[in-house]
Amino acid sequence: QVQLVESGGGLVQAGGSLRLSCAAPGGTFSTYSLGWFRQVPGKEREFVAVISMSGWSISYADSVKGRFTISRDNAKNTVYLQMNSLYAEDTAVYYCAAGQMFRRDYRSYTYWGQGTQVTVSS
């Protein structure tokens, strides 16, 4: 089993920045595509970004393109989401996920982190 551990969430003022991290201690991290998703109560889980196993292919949701950056460090078994120019609408629980395919659909991912709350005050 792959255990994903997220950190970096918190309360940020609109226009501010935050960096999320997700680590998989002792896992075969480099063999997975890694995605970030977010969800608010009562709404479907939303795709944010995904990075391929090699790190060479990246895809972003239109709502975050130009503001968020996904990256990975396979040597540290860690994936990051740098979030800049945050809006109140970015408020959500953010999840990292690992899967065998480079996809935007959350159903394609097998392993998930516990989620970290990001709150952006307007």
Side-chain angles (χ1 to χ4, degrees):
Q1 298 292 319
V2 176
Q3 301 293 324
L4 304 179
V5 181
E6 297 173 327
S7 62
L11 176 63
V12 182
Q13 188 174 350
S17 298
L18 203 63
R19 188 171 84 154
L20 306 182
S21 300
C22 178
T28 55
F29 202 72
S30 63
T31 66
Y32 295 98
S33 291
L34 300 168
W36 285 97
F37 298 82
R38 63 189 184 186
Q39 190 169 27
V40 299
K43 300 188 69 175
E44 188 176 18
R45 190 161 297 187
E46 178 187 14
F47 168 77
V48 176
V50 59
I51 185 167
S52 67
M53 179 176 63
S54 67
W56 295 347
S57 297
I58 293 174
S59 182
Y60 295 100
D62 289 342
S63 60
V64 306
K65 189 176 180 62
R67 300 187 297 121
F68 291 10
T69 302
I70 188 172
S71 61
R72 66 189 295 167
D73 186 339
N74 288 342
K76 297 180 179 180
N77 294 333
T78 302
V79 60
Y80 305 95
L81 185 69
Q82 177 67 47
M83 304 183 294
N84 298 326
S85 301
L86 285 162
Y87 305 146
E89 292 77 14
D90 294 316
T91 295
V93 177
Y94 283 70
Y95 299 90
C96 66
Q100 295 181 351
M101 298 179 291
F102 182 75
R103 295 288 186 273
R104 298 164 67 99
D105 189 343
Y106 73 87
R107 299 174 182 86
S108 298
Y109 292 81
T110 304
Y111 305 103
W112 293 84
Q114 80 284 359
T116 184
Q117 177 70 47
V118 172
T119 302
V120 184
S121 61
S122 60

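FYI, side chains are in, hydrogens and waters are out, and symmetry mates aren't considered; it's all heavy atoms of this structure.
Within 6.0 Å of CD in Gln100 there are 12 or fewer heavy atoms belonging to other residues, nucleotides or ligands.
Between Thr78 and Ser21, the closest heavy-atom pair is CG2-CB, 4.3 Å. Here the closest non-hydrogen pair linking Ser59 and Phe47 is O-CZ, 3.4 Å. The two atoms that bring Ser122 and Ala14 nearest to each other are CA-CB, 4.3 Å, heavy atoms only. The heavy-atom pair separating Ser71 from Val79 by the smallest distance is O-CG2, 3.2 Å. When all heavy atoms of Leu4 and Ala24 are compared, the pair lying nearest together is CD2-CB, 3.7 Å.
Remark: Ser121 OG to Leu86 CG distance equals 10.0 Å, nearest 0.5 Å. Atom CG of residue Leu81 and atom CZ of residue Phe37 lie 11.5 Å apart, to the nearest 0.5 angstrom. Note that CD of Glu46 is 10.0 Å distant from CD of Gln39, once rounded to the nearest 0.5 Å. Note that CD1 of Ile58 and OG1 of Thr69 are 8.0 Å apart. Values are rounded to the nearest 0.5 Å. Here the CE atom belonging to Met53 is positioned 7.5 Å from the OG atom belonging to Ser30, to the nearest 0.5 angstrom. We find the CG-CG distance between Asn84 and Asp90 to be 11.0 Å, quoted to the nearest 0.5 Å.
Taking the six-membered ring for Trp, Tyr95 and Tyr106 have ring centres at least 6.0 Å apart.
When each of Val93, Val12, Leu20 is paired with Val118, the side chain to side chain contact (heavy atoms under 4.5 Å, CB included) condition holds for Leu20 and for no other. Screening Glu6, Gln117, Arg38 for a side-chain hydrogen bond (donor to acceptor under 3.5 Å, both in side chains) with Tyr94, the sole residue that qualifies is Arg38.
For the pair Arg72 (side chain) and Ser52 (backbone), a donor-acceptor distance under 3.5 Å is present. Arg19 places no side-chain N or O within 3.5 Å of a backbone atom of Gly9 that could act as its donor or acceptor partner. One N or O on the side chain of Thr91 and one on the backbone of Val120 form a donor-acceptor pair closer than 3.5 Å.
Taken together through direct or relayed side-chain contacts under 4.5 Å among Ile, Leu, Val, Met, Phe, Trp and Tyr, Ile51 and Tyr111 form part of one hydrophobic cluster. With hydrophobic clusters built from ILVMFWY side chains whose heavy atoms lie under 4.5 angstrom apart, Val64 shares a cluster with Ile70. Under the 4.5 Å side-chain heavy-atom criterion for ILVMFWY residues, a single connected hydrophobic cluster contains both Leu18 and Trp36.
Side-chain contact check for Tyr109 versus Val50: some heavy-atom pair is nearer than 4.5 Å. No side-chain heavy atom of Tyr32 sits under 4.5 Å from any side-chain heavy atom of Asn74. Contact check for Ser63 versus Tyr87: no side-chain heavy atoms found under the 4.5 Å cut-off.
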Q: Using the side-chain contact (heavy atoms from CB on, under 4.5 Å) rule, take Trp112 and Arg45 through it: C-alpha gap first, then chi angles, then the decisive distance, then the call.
A: CA-CA 12 Å; Trp112 293 84; Arg45 190 161 297 187; 3.3 Å; yes
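A salt bridge links Glu44 to Arg107: at least one charged side-chain nitrogen sits closer than 4.0 Å to a carboxylate oxygen. We find that Asp105 and Arg103 are not joined by a salt bridge, their nearest charged nitrogen and carboxylate oxygen being 4.0 Å or further apart.
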